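Being a predicted model, the structure only gives us computed values, none of them experimental. The basis for the numbers below is simple: all heavy atoms, side chains too, and nothing from hydrogens, waters or symmetry mates. Residue numbers count from 1 along this sequence.
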Amino acid sequence: INAEYMGFCKGIHQARCYIKQRHFAVGNQTVTVPSFIVRSESEKQIRHAVRSPLLPNGPPERVKRKKNAGGGGGEEM
């Protein structure tokens, strides 16, 4: 997947990290290998994975989860 070219990432290193962290899918298949070959007819199906926190309404990231649980980053009295 060329996630950098598609506009999902700022650079090739960020694209590789996002792919390894399971943030992208082709159709219904989550991609975890940066060298995954996408056929030309499947290029339109590249998107963020369903469980990716990179989506605007996706699951909360780690920091947000900890704050919502009441265990992270609060001030002590």
Side-chain angles (χ1 to χ4, degrees):
I1 294 179
N2 195 346
E4 178 187 19
Y5 172 75
M6 301 287 288
F8 290 119
C9 304
K10 294 179 183 176
I12 191 71
H13 298 291
Q14 185 181 35
R16 290 181 62 82
C17 290
Y18 281 0
I19 291 168
K20 291 292 284 181
Q21 294 169 1
R22 304 175 61 111
H23 290 297
F24 292 109
V26 177
N28 291 331
Q29 181 182 4
T30 302
V31 178
T32 59
V33 180
S35 61
F36 183 82
I37 303 296
V38 179
R39 294 182 181 172
S40 58
E41 61 266 9
S42 298
E43 280 186 3
K44 296 176 184 171
Q45 298 178 357
I46 298 173
R47 59 180 174 80
H48 286 99
V50 176
R51 300 275 307 155
S52 174
L54 299 177
L55 290 172
N57 296 325
E61 297 173 2
R62 179 176 177 218
V63 175
K64 291 180 186 176
R65 282 195 316 254
K66 284 184 91 174
K67 286 183 180 178
N68 290 341
E75 295 181 19
E76 295 181 19
M77 295 176 111

Problem - Partners passing side-chain hydrogen bond (donor to acceptor under 3.5 Å, both in side chains) against Q29 (at least two apart in sequence or in another chain) - result: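 Q29: no side-chain hydrogen bond (donor to acceptor under 3.5 Å, both in side chains) contacts found.
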
**Asked** Which residues pass the side-chain hydrogen bond (donor to acceptor under 3.5 Å, both in side chains) test with Q45, sequence neighbours left out?
**Response**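 If we apply the side-chain hydrogen bond (donor to acceptor under 3.5 Å, both in side chains) test to Q45, skipping adjacent residues, there are no hits.
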
Give the table of side-chain donor-acceptor pairs shorter than 3.5 Å for residues 17-26, with sequence neighbours excluded, one pair per line with atom names and distance.
{"unit_1": "Y18", "atom_1": "OH", "unit_2": "Q14", "atom_2": "NE2", "d": "2.9"}
{"unit_1": "Q21", "atom_1": "OE1", "unit_2": "H23", "atom_2": "NE2", "d": "3.3"}
{"unit_1": "H23", "atom_1": "ND1", "unit_2": "S52", "atom_2": "OG", "d": "2.9"}

